[in-house]
Amino acid sequence: MDLPQLFLLSALFIFSVSYLIKSLLRPKNKKTTAPMIPGAWPLLGHLHLFDTVNPTHVTFGEMADVYGPVFMAKLGSLNVMVINSKEVAKEIYTVHDKLLERPELTASKILGYNDSFLTFSPYGLYWREMRKIAASELFSTSGIDMLMFSRAREADLAFGNLYGRWEQRGKPKEGVLVDMKQEFIDLTANISLMMVAGKRYFGENPNCEVKEARRCGKLIREFLDYFSLFLLSDVAPVLGLLEWKIKRGMKRTAKELDKITEGWVEEHKNKRRDHGRSVNDYLDILIETLGGDKIPGLSDTHTKIKALCLNLVLAGSETAIVVLVWAVSLLLNNPHVLKKAQEELDSKIGKERVVEELDIKDLVYLQAIVKETFRLYPPVPLIAYRDVMEDFDIACCNCHVPAGNESDQMA
Ligand code: HEM
């Protein structure tokens with residue numbers, strides 16, 4: 001081997017060794033985006049993989065079994081990153097939450113006073129202000145405690161009514177047949193309506209305002225059904241035109257519900273005008289805090305009050321019913337757990353009085369039953385998706401999330 005060859009070979013060797021050392025020392029932080037699942041159709045994306053039998057979260061769960069805890073799917077024209085991991089969800093909602101935004105939803109625009117519901121409004125100034133009011137005035141300890149009596153009275157009436165029916169039939173040992181789901185629907189609706197607007201509409205209660213109650217019950221049902229629809233307008237706007245009939249129905253329901261809400265607000269304002277300041281429910285608090293009655297004609301404030309009022313009535317009803325129905329059903333199917341819960345009630349409360357909210361802190365077994373029900377049958381299994389406003393990296397799964405069109409939304 002002559003000198004130039006030797007020189008070339010040693011240079012090559014030194015270069016290879018230094019490249020190897022560099023590549024070994026280089027931090028392994030090259031981030032990749034989550035894998036896109038195969039089988040997307042033009043225009044529809046993976047929408048054809050969803051059916052009317054399996055709930056959406058079950059289909060996503062089956063996909064996660066195959067493609068891992070973080071994957072991409074195409075819903076219509078949107079690229080959606082689906083997260084099925086507690087660690088990843090935690091990092092996103094704690095470290096990167098400022099880079100996320102709520103998406104624009106057709107239902108929220110038509111049914112929610114043009115995105116004015118706290119649950120669906122974009123994270124701007126409006127959401128921050130309304131959330132501050134809700135947190136400090138309505139959901140603060142004093143706001144919650146103020147209406148404790150209201151909730152207890154509704155529960156007393158509902159269970160007193162059930163007991164009455166059993167008594168009327170001569171207190172049969174085997175009990176009487178009741179539709180507990182319907183009882184819970186009436187009870188939760190009465191509690192929300194009483195807390196928000198001072199109204200009792202459902203069940204066989206003596207003060208029930210039957211005609212308005214029936215109308216309100218029907219509209220709440222329609223509202224919740226419309227809101228749970230998966231609309232093509234939100235994911236494939238071109239096909240949204242096909243949904244004109246649904247949108248027309250939504251507008252009709254929104255208009256009718258607005259009439260009812262308008263009535264509640266007016267009634268509260270008139271009462272304040274005629275009888276002076278009194279705070280009996282959330283509407284009284286909202287009118288006082290937002291000053292709606294002091295600034296007549298300021299339609300924006302008036303609409304804000306109506307939006308939050310209706311939002312609160314609707315937000316708590318469906319979710320609470322699902323937990324209650326599952327909890328009772330699980331208890332009936334697990335008599336040994338029911339027995340232990342009864343023993344806890346007997347030892348901590350006794351048989352001479354009914355359970356009160358203030359007792360809950362001492363009823364640890366009952367608390368565990370509720371938590372287990374939430375774990376087994378979460379009432380909101382799929383958190384509402386978010387728009388990704390800026391690129392970010394998820395450290396715990398070494399995954400890059402691009403903003404905008406490359407990864408439009410996260411579920
Ligand atoms: C078992 C009962 C409930 C469950 C499982 C539940 C679940 C949820 C979830 C998952 C969210 C987050 C939605 C999102 O932004 O993606 C949420 C937000 C919200 N919920 Fe509930 N909820 C329940 C009861 C209630 C009740 C009783 C009320 C009111 C009376 C209520 C009012 C709200 C409001 C105002 C928000 C929006 C908060 C914000 O934007 O910061 N919820 N709820």
Side-chain angles (χ1 to χ4, degrees), residues 56-57 80 82-83 86 89-90 92-94 96-98 100-105 107-108 112-113 115-141 143-148 150-151 154-155 184-185 187-199 220 223-224 227-228 234 261 281-283 285-286 304-328 330 357 360 367 369-388 409-411:
T56 314
H57 70 282
V80 178
V82 184
I83 314 286
K86 195 172 73 181
K90 189 175 170 194
I92 288 171
Y93 278 100
T94 50
H96 312 292
D97 56 337
K98 288 196 177 66
L100 306 178
E101 178 56 286
R102 284 186 171 136
E104 291 192 357
L105 296 175
S108 166
Y113 292 98
D115 282 337
S116 297
F117 272 22
L118 190 56
T119 23
F120 299 103
S121 65
Y123 292 137
L125 190 66
Y126 172 80
W127 176 78
R128 279 205 299 278
E129 285 302 309
M130 293 304 276
R131 194 173 198 278
K132 212 162 40 185
I133 291 170
S136 63
E137 306 291 333
L138 310 180
F139 300 135
S140 60
T141 315
I144 300 274
D145 285 354
M146 186 188 95
L147 296 170
M148 190 168 5
S150 246
R151 293 189 291 275
E154 291 310 316
F184 287 140
I185 290 173
L187 173 61
T188 47
N190 280 336
I191 288 180
S192 334
L193 283 166
M194 191 51 80
M195 285 176 65
V196 176
K199 298 277 171 192
I220 290 180
F223 181 100
L224 294 170
F227 234 112
S228 60
D234 292 328
T261 322
D281 49 45
Y282 280 169
L283 247 179
I285 299 179
L286 285 177
K304 276 181 200 167
I305 294 175
K306 284 196 290 184
L308 191 50
C309 164
L310 198 54
N311 190 177
L312 293 175
V313 168
L314 297 158
S317 32
E318 194 81 343
T319 42
I321 294 162
V322 172
V323 187
L324 288 167
V325 170
W326 273 117
V328 168
L330 286 166
E357 274 183 31
I360 292 174
Q367 286 179 36
I369 291 173
V370 174
K371 285 180 191 158
E372 184 64 353
T373 310
F374 268 104
R375 191 186 68 81
L376 290 170
Y377 299 101
V380 187
L382 200 63
I383 202 111
Y385 50 81
R386 299 286 190 264
D387 283 338
V388 181
Q409 305 191 319
M410 313 188 78

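Every number for a ligand or one of its atoms is a count from 1 in the order of the listing.
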Atom of Tyr385, atom of Pro103 and distance for their closest heavy-atom approach: O-CD, 2.9 Å
Any Leu286 side-chain heavy atom under 4.5 Å of Leu138 side chain: yes
Those atoms of ligand 1 less than 4.0 Å from some heavy atom in Ala315: 31 (C), 32 (C)
Verify atom 38 (C) of ligand 1: protein non-hydrogen atom under 4.0 angstrom away: no
Top protein contact for atom 27 (C) of ligand 1, by heavy-atom distance: Gly316 CA, 3.3 Å
Non-hydrogen atom of Pro379 closer than 4.0 Å to ligand 1: yes
Ligand 1 contact by Thr119, heavy-atom criterion under 4.0 angstrom: yes
Protein non-hydrogen atom found under 4.0 Å from atom 15 (O) of ligand 1: yes
Nitrogen or oxygen atoms of Arg102 and ligand 1 under 3.5 Å apart: yes
Under-4.0 Å heavy-atom contact between protein and atom 9 (C) of ligand 1: no
Side-chain donor-acceptor pair present, Arg386, Tyr123, cut-off under 3.5 Å: yes
Protein contact to atom 30 (C) of ligand 1 [nearest heavy atom, distance to 0.1 Å]: Leu312 O, 3.7 Å
Close approach, Trp127 and ligand 1, non-hydrogen under 4.0 angstrom: yes
Phe227 and Phe120 aromatic ring geometry - parallel, tilted or perpendicular at 30°/60° bounds: parallel
Asp115 and Ser108: side chain donor to acceptor below 3.5 Å: yes
For Leu118, atoms of ligand 1 separated by under 4.0 Å from a heavy atom: 35 (C), 40 (O)
Test item, Arg386 contacting ligand 1 (heavy atom, 4.0 angstrom): yes
Sub-4.5 Å side-chain heavy-atom contact between Leu125 and Arg128: yes
Top protein contact for atom 12 (C) of ligand 1, by heavy-atom distance: Ile383 CD1, 4.4 Å
Phe374 touching ligand 1 at heavy-atom level, < 4.0 angstrom: yes
Verify atom 35 (C) of ligand 1: protein non-hydrogen atom under 4.0 angstrom away: yes
Nitrogen or oxygen of Thr319 less than 3.5 angstrom from that of ligand 1: no
Test item: Leu376 and Glu372 side chains (from C-beta on) under 4.5 Å apart, heavy atoms: yes
Non-hydrogen side-chain atoms of Tyr282 and Leu312 separated by less than 4.5 Å: yes
Any N/O pair Val323/ligand 1 closer than 3.5 Å: no
Salt bridge flag under 4.0 Å for residues Glu129 and Lys132: yes
Arg131, any N or O under 3.5 Å of ligand 1 N or O: yes
Protein residue, atom and distance nearest to atom 7 (C) of ligand 1, heavy-atom basis: Val380 CG2, 3.8 Å
Heavy-atom check, side chain of Tyr93 versus side chain of Ile83, under 4.5 Å: no
Atom 41 (O) of ligand 1 within contact range, any protein heavy atom under 4.0 Å: yes
Flag: protein heavy atom within less than 4.0 Å of atom 19 (C) of ligand 1: yes
Positive for side chain to side chain contact (heavy atoms under 4.5 Å, CB included) with Trp326, one of Leu324, Val323, Val322, Val328: Val322
Pairwise side-chain contact, Val196 with Asp281, heavy-atom cut-off 4.5 Å (strictly under): no
Heavy-atom pair with the smallest gap, counting every atom of Leu283 and Ala197: CD1-CB, 4.1 Å
